[in-house]
Amino acid sequence: MVRERLISLDVFRGLTILLMTIVNNPGDWGNVYPPLLHAHWNGCTPTDLVFPFFIFIMGVAVPLAMPEKKYDETTFNKILIRSLRMFCLGIFFNFFGKIQLFGLDGIPLLLVRLIITFAVGYALMGNFSKKLKNIFAFSILAIYIILAYGGFENYADARLPGVLQRIAIVYFVVSLLYLKTSRKTQLFTGIVLLFGYWAIMTLVPVPGIGEANLERGTNLAAWVDSVLLKGHMYHETNTWDPEGILSTIPSIVNGIIGLFIGQILLLNVTKIRKAQRMGMIGTSLIFFGLIWDLVFPINKSIWTSSYVLYTTGLATVCLTVLYYIIDIAEYKKGFKLFVIWGVNPMIVFFASQIIPQALVMIRFQNPSIPSEQTNLLDYLYRFGIAPFFSNPMAASLAGALTYVAIWTFILWIFYRNKLIFKV
C-alpha cells in the first residue's frame, strides 16, 4: 500500500498551480502569448489543461489519502464538510469585489474587505473541531445564498459557479464513488456520464433555439445555465457559465480517471509495472479523445467528453513521466521548487485571486497623466516592469513571472516552517 507522500504527485500539482498563476496574472491582458490564453472555443491550449489537471490530481489523491476503504458517518461528514469548505472558498472570490459597508470607499473599504477575507479564509481553512467546521461551512454557505437571492442589490449578479466550486462537487462525488463502489462500477459510471453527456448535448433540442448544437451561447448547457443560474453567471459570458451546471457532469469523469490512476498506485505490484499501466492508459485516452474530437470537438467551455479523455490522457502521461523520474529512478534534483508549490496549493488559489482585486482598489494620481487616476496593480506593471521590455508580450509575461517569484518566496517560508493550509 502506498502510504508515504508521493513526491511526483506533489511536483505535478506544483507545476499545475504554477502554470495557473502565470496564466491568471499577466502584466497586460491585451498582450499575452497565445499559448497562455484559453482557446476561443474549440481546441485546447496549454492554458486549457490547468483546470482538468487539477481535477485529475484531486482524483488521484483520494485513494492515496484513504488506502483502506472505510465508509461510516464520520468519513461521510469529513468529505461533505471538506467539499463545502472548498465550495465556499470559491464563491468568496466572486463576492469580494461586491462587499460594501457603511458607505465606505477607497482604502477604508479595502481594509474592511481584507478583514472579512481573513475571517472567511480562517473559518474555512482553520483547523477546528468537527462541530465548528460544520457550523462555519453551513453558515457561510447560507450567507452567500441570502446575499445572492435576498434582494440585496450589490449581490444580485454575484457569480455562483467557479473553479473551486466545480472541484468541490467532483471531490464529493468521486470520494463517495471510491468508498462505496468497485473499480468496475466506477468505470461504468464514467462511461455512462461521458456518453450520456454527448447524447444530451448532440441530440436534445434546445428550448427557444431549435436543434441541438455545440455553438457558443446557444447549446443546451448554456440554456440550463440561463434558467437555473440567471443573473449569477460569469460576467464575460453573461448568458451562460463556463463552469455551469450541465458541463460539470463530464468533469466528474476527470476525477474518476484520476481515481483509477490513484488505485493503480496502490496496487501490490512493482513500480515499473504501475508506470507501464499508467502509460498505456494515458496514451489510449489521448488517442480516443482525438478520435471523439472528430464528432464531439475538444472544448473546455462546454467540457466535452473528448476534452475529458484528451486532458486526462495528457495528465496521466505527465504523471507517469514524473513518477518514473522521481519515484522509480529516484532523481529528485531540480524539483524542489515544484514541491514547494505543490504542497500548499489552496493558499495560493485563495490569496492569488484576492491580491489583484485588492491592488486595483488602491487608486492615486497617474504620474504620466495628472488628470487621470491609476491603480497600484497597473502602476507597478507600467512603471516597474514594462519599461524594461520592447516586446509588450514579453513584458506581460515578465509581470506574471514576477508575481510567481513573489509567491515562491512566500511558499518557501511556509515550507520551511511546515505551514500547510488545507480545507
Side-chain angles (χ1 to χ4, degrees), residues 34 37-45 47-52 55 87 90-91 94 145 148-149 155-170 173 188-257 285-313:
L37 292 171
H38 290 292
H40 178 67
W41 190 241
N42 293 334
C44 186
T45 71
T47 300
D48 293 315
L49 299 176
V50 173
F51 193 1
I55 298 178
F87 195 89
I91 292 181
N94 306 327
I145 294 173
Y149 293 102
Y155 306 95
D157 61 347
R159 186 188 182 204
L160 295 179
V163 172
L164 266 185
Q165 295 91 307
R166 177 169 285 183
I167 292 175
I169 293 169
V170 176
V173 174
F188 178 74
T189 301
I191 292 173
V192 168
L193 290 179
L194 288 184
F195 278 97
Y197 184 66
W198 166 75
I200 290 171
M201 290 294 288
T202 58
L203 300 177
V204 177
V206 182
I209 300 294
E211 293 184 359
N213 71 89
L214 302 174
E215 299 304 317
R216 188 180 183 91
T218 61
N219 57 74
L220 188 64
W223 178 80
V224 171
D225 289 344
S226 69
V227 173
L228 300 180
L229 294 173
K230 187 175 182 180
H232 296 285
M233 295 174 282
Y234 186 46
H235 66 90
E236 290 190 14
T237 51
N238 193 29
T239 59
W240 59 280
D241 198 288
E243 278 80 57
I245 295 172
L246 198 58
S247 60
T248 296
I249 293 173
S251 71
I252 293 171
V253 186
N254 289 79
I256 291 175
I257 294 173
L285 289 170
I286 293 171
F287 173 77
F288 288 116
L290 292 173
I291 293 297
W292 210 344
D293 172 62
L294 300 175
V295 293
F296 197 26
I298 291 172
N299 185 302
K300 175 191 176 294
S301 294
I302 52 175
W303 212 279
T304 54
S305 303
S306 57
Y307 176 71
V308 172
L309 296 182
Y310 180 68
T311 55
T312 51

task: Please examine the side chains of Leu229 and Ile245, heavy atoms only from C-beta on, and report whether any two atoms are closer than 4.5 Å.
output: yes
- request: Could you grab the distance from atom CD1 of Ile169 to atom CD1 of Ile252, nearest 0.5 Å is fine?
  value: 8.0 Å
- request: Please examine the side chains of Arg166 and Ser247, heavy atoms only from C-beta on, and report whether any two atoms are closer than 4.5 Å.
  value: yes
- prompt: Among all residues two or more places apart in sequence or in another chain, which pass the salt bridge (charged side-chain N to carboxylate O under 4.0 Å, His left out) test with Asp225?
  reply: none
- prompt: Under the side chain to side chain donor-acceptor pair (under 3.5 Å) criterion, do Thr304 and Asn299 qualify, and how do the steps go?
  reply: CA-CA 6 Å; Thr304 54; Asn299 185 302; 5.9 Å; no
message: Which residue in the set Glu243, His235, Met233 passes side chain to side chain contact (heavy atoms under 4.5 Å, CB included) when paired with Arg159?
response: Glu243
Nearest-0.5 Å distance, CG of residue Asn219 to CD1 of residue Ile200: 12.5 Å
- prompt: Would you call Ile249 and Trp303 a side-chain contact if the rule is heavy atoms closer than 4.5 Å?
  reply: no
Exercise: identify the closest heavy-atom pair between Trp240 and Ser301: CH2-CB, 3.8 Å
Sidechain-backbone polar pair: Asp293 side chain, Ser306 backbone, donor-acceptor under 3.5 Å: no
Partner residues of His232 under the ring-ring contact (aromatic ring centres under 6.0 Å, His included) criterion, sequence neighbours left out: Tyr149
query: Does any non-hydrogen side-chain atom of Leu290 lie less than 4.5 Å from one of Ile298?
result: yes
task: Find the distance between CD (Gln165) and OG1 (Thr248) and round it off to the nearest 0.5 Å.
output: 9.5 Å
Taking every non-hydrogen atom, the tightest pair across Ala148 and Leu160: CB-CD2, 4.3 Å
- prompt: Knowing that exactly one of Ile257, Ile167, Val308, Thr312 qualifies, which makes a side chain to side chain contact (heavy atoms under 4.5 Å, CB included) with Ile55?
  reply: Ile167
field: Aromatic plane relationship, Trp292 with Phe296 - under 30° parallel, 30 to 60° tilted, over 60° perpendicular
entry: tilted
field: Note, Lys300 side chain near Thr311 side chain (heavy atom, < 4.5 Å)
entry: no
message: Between Thr45 and Leu37 (side chain of the first, backbone of the second, donor and acceptor by atom type, cut-off under 3.5 Å), is there such a pair?
response: yes
- request: Drop me the distance from Lys230's NZ to Thr239's OG1, to the nearest 0.5 angstrom.
  value: 11.5 Å
- prompt: Distance-only, no hydrogens or angles: does the Tyr307 side chain make a donor-acceptor pair with backbone N or O of Asp48 under 3.5 Å?
  reply: yes
- request: Measure the OG-CD1 distance between Ser305 and Ile191 for me, rounded to the nearest 0.5 Å.
  value: 12.0 Å
query: Does Asp241 reach the main-chain N or O of Pro161 with its side chain, forming a donor-acceptor pair under 3.5 Å?
result: no
- prompt: Counting only N and O atoms by type, is there a donor-acceptor contact under 3.5 Å from the side chain of Thr218 to the main-chain atoms of Leu214?
  reply: no
